[in-house]
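Computation of the quantities below employed the complete heavy-atom set of this structure, encompassing side-chain atoms and omitting hydrogens, waters and symmetry-equivalent molecules.
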Amino acid sequence: MDQAFFLLFAAASVITALTVVLARNPVHSALALMACFLQISAIFVLLEAPLLAVIQIFVYVGAIMVLFLFVIMMIDVREAVLQRFLPGGNLPALVLLVLLGVEMLVLVLWSDRFSVTEPVAMRGGDQIRQLSMTLFADYLLPFEAASVILLAALVGAIVLARKEQG
C-alpha cells in the first residue's frame, strides 16, 4: 500500500513539475510548483521523515512561493513572455540541461549511496551526528535537489533584479 501511494505521489510530482516548465502563464507555473512541493512533502511523510515534510511545507510552499508570486505580480508578464521565447536562445540551455541530466544519472548509477543497505547504528546521545548522517546519507538526493532548486531561485532573482541594457 505504501508503494502505491509513493508511486501516486511521485507520478503527480513529475506531472506538476512538467506543468511548471510547459505552462505559458507564469501564475499557472507557480501554482504547479506549489503542488509539486506539496507532493514532495507527502513523499517525505511516506518515508517517515516528518521534519523534512514540515520544512518542505513551511519553507518552500510558504516562503519561497510567496516570493515567486510577488515577483510574478511585479514584473510585466506580457513583456517577459515575449522575451522568454526568443528564437535560438533555448538551444544552449537545452544542451546544458541534457549534459547535466546525463551527469546526474551517471553519478546516481555509480554511487554506493543509493544501495539498499541498513544505516550504521549510532551511539546513544549523539543525536546531531545521527541527524547529519541521516540527512547526508539516506536523504542525499532530496537534499541535493533542494539545493539545486534554491540555486535556480537565486539565479532567477539575479536575472530579474539586473537593469535592462541600453
Where do Thr19 and Ala32 come nearest, in terms of heavy atoms and distance?
-> CG2-CB, 3.8 Å
Is there a side-chain contact between Phe37 and Val59, using heavy atoms and a 4.5 Å cut-off?
-> no
Going hydrophobic residue to hydrophobic residue with side-chain gaps under 4.5 angstrom, can you get from Phe6 over to Phe9?
-> yes
Heavy-atom pair with the smallest gap, counting every atom of Ser29 and Ala23 = OG-CB, 3.4 Å
CG of Leu22 to NE2 of His28: how many Å apart, nearest 0.5 Å?
-> 14.0 Å
Which atoms form the tightest heavy-atom contact between Ser13 and Cys36, and what is the distance?
-> O-SG, 3.5 Å
The reported gap from CG in Leu52 to CD1 in Ile40 (rounded to nearest 0.5 angstrom) is 11.5 Å
Distance in Å, Gln56 CD paired with Ile64 CD1, rounded so as to fall on 0.5 Å steps | 10.5 Å
Look at the side-chain heavy atoms of Ile, Leu, Val, Met, Phe, Trp and Tyr, link any pair under 4.5 Å apart, and say whether Ile57 and Leu150 land in one connected group.
-> yes
When every non-hydrogen atom of Leu47 is compared with those of Tyr139, the smallest separation belongs to O-OH, 3.0 Å
To the nearest 0.5 Å, what is the distance between CG (Leu8) and CG (Leu46)?
-> 9.5 Å
Using the rule that two of Ile, Leu, Val, Met, Phe, Trp, Tyr join whenever any of their side-chain heavy atoms come within less than 4.5 Å, decide whether Val61 and Ile15 are in one cluster.
-> no
Between Leu67 and Leu38, is there a shared hydrophobic cluster once you connect ILVMFWY residues whose side-chain heavy atoms come closer than 4.5 Å?
-> no
OG1 of Thr134 to CG of Leu51: how many Å apart, nearest 0.5 Å?
-> 11.0 Å
same_hphob_cluster(Met65, Leu31) at 4.5 Å side-chain heavy-atom cutoff = yes
Heavy atoms of Ala146 and Tyr60 approach each other most closely as CB-OH, 3.2 Å
